[in-house]
Colleague: 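This is the structure I want to talk about, given as structure tokens.
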Amino acid sequence: MSIDICAAFDSGNIRVVDIDGDRVDLEIVQDHKSEFYQWFHFRAAGAKGRTLTFRILNAGGAAYAFGWPGYKTRVSLDREVWRQTETDYADGALSFTHRFDSDVAWFAYFAPYSMERHHDLVARIALMPGVTHRTLGHTLDGQPIDCLTMGDGAKQVWIYARQHPGETMAEWFMEGALEKLTEPGDTGARALREKATLHLVPNMNPDGSRRGHLRTNAAGVNLNREWSSPTRERSPEVLAVRDAMDASGVDFAMDVHGDEAIPANFLAGFEGIPSWTDAHGEKFYEYARRLASATPEFQLDLGYEKAAPGKANLSMSTNQVAERFGAVAMTLEMPFKDHDANADAQFGWSPARCKALAHACLDTLAGQLDEI
Ligand code: ZN
């Protein structure tokens with residue numbers, strides 16, 4: 001039997017360079033019309049009883065190659081449980097081995113979140129009492145931008161994810177958030193639904209997700225650089241969400257992402273926006289402090305550098321939303337590696353932990369909403 005490598009499925013990404021004995025040489029395919037790449041997701045079959053060595057030869061040219069040291073590839077035999085496997089990065093190549101006790105195995109940069117699973121999630125949540133589903137717009141490939149709204153309070157809360165489609169942890173987070181918010185007996189969720197109207201967009205980049213992109217949509221555009229002037233031609237996803245925000249207003253916003261390099265969960269704020277005041281910023285810092293004291297899955301030491309006064313990039317959603325609406329806005333980053341302060345050697349940062357972190361984020365918001 002010959003080795004079969006395949007990525008021709010929803011969110012798949014890999015190209016075979018060469019198969020020589022037990023060595024499989026691969027490359028990650030660039031995002032369409034873009035030079036970004038780092039997301040990979042493929043299936044290997046026909047190697048039962050053998051130990052294969054996979055080498056991703058172009059890892060060194062990936063968008064965030066500095067993120068590879070300390071990273072571990074995720075492997076699954078059933079596409080449900082994704083475990084870490086020992087991974088090396090040397091001479092620009094990422095390599096890992098797998099002993100095939102099964103006929104088929106799947107490999108990915110992080111536990112995938114397919115568009116089929118997205119539709120399952122939207123269907124399930126839209127059926128829950130008190131939930132309204134809206135299609136805010138369509139992508140260039142014709143896919144819907146789904147928004148689920150619940151609660152009837154005055155505060156307008158927006159939580160949106162996966163502008164960068166390879167950051168699948170962001171949609172696992174949204175699944176956790178939507179499950180909690182629709183749980184009738186959950187105290188924090190009930191408080192939020194009373195005081196706020198919550199708008200959740202679980203996937204802002206369905207085209208990049210289905211195409212197996214790291215960072216861009218079907219036009220090769222990085223959506224998180226489009227928030228100043230989104231267009232129908234380049235970034236209809238952002239235009240749709242920003243128009244809906246203009247209609248509702250925004251008091252609190254969280255943009256959910258993944259980070260390739262930093263082994264921790266962290267928040268980034270809106271320092272450097274033209275209308276910055278310390279009082280506005282303090283509401284964000286207070287949220288971060290409360291979240292850190294609420295869960296060992298969050299910390300305040302590691303993160304991005306803050307923009308200098310007046311230097312915020314308003315094409316990024318958190319800055320745009322903070323400036324445009326005066327919202328307490330933030331970007332949540334979760335690791336492709338692990339949250340090292342509370343590490344899990346077997347799974348690393350994982351879907352279950354994404355969902356638990358979403359619960360903690362919502363409870364923290366429930367406790368602070370009156371001050372926002
Ligand atoms: Zn991102």
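Positions are given from 1, in the same order as the sequence printed here. Both ligands and their constituent atoms are indexed starting at 1 by order of listing. When reading the values below, keep in mind they use all heavy atoms of this one structure, side chains included, and skip hydrogens, waters and symmetry mates.
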Colleague: Residues in ring-ring contact (aromatic ring centres under 6.0 Å, His included) with Trp349, at least two apart?
Modeller: none

Colleague: Quick one: report the N, O or S atom of His257 that is nearest to the Zn ion (ligand 1).
Modeller: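 Looking only at N, O and S atoms of His257, the one nearest the Zn ion (ligand 1) is named ND1.
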
Colleague: State whether Glu167 contributes an N/O/S atom found under 2.8 Å from the Zn ion (ligand 1).
Modeller: yes

Colleague: For Arg193, what residues pass the side chain to side chain donor-acceptor pair (under 3.5 Å) criterion, not counting sequence neighbours?
Modeller: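 Residues passing side chain to side chain donor-acceptor pair (under 3.5 Å) with Arg193: none at all.
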
Colleague: Apply the test salt bridge (charged side-chain N to carboxylate O under 4.0 Å, His left out) to residues Arg290 and Glu286: give CA-CA distance (whole Å), side-chain angles for both, the deciding distance (0.1 Å), then the verdict.
Modeller: CA-CA 6 Å; Arg290 289 189 186 200; Glu286 174 63 15; 2.7 Å; yes

Colleague: Which of parallel (below 30°), tilted (30 to 60°) and perpendicular (above 60°) describes Phe266 and Tyr304?
Modeller: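 Judged by the thresholds at 30° and 60°, the geometry between Phe266 and Tyr304 is perpendicular.
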
Colleague: Restricting to N, O or S atoms of His164, which is nearest to the Zn ion (ligand 1)?
Modeller: ND1

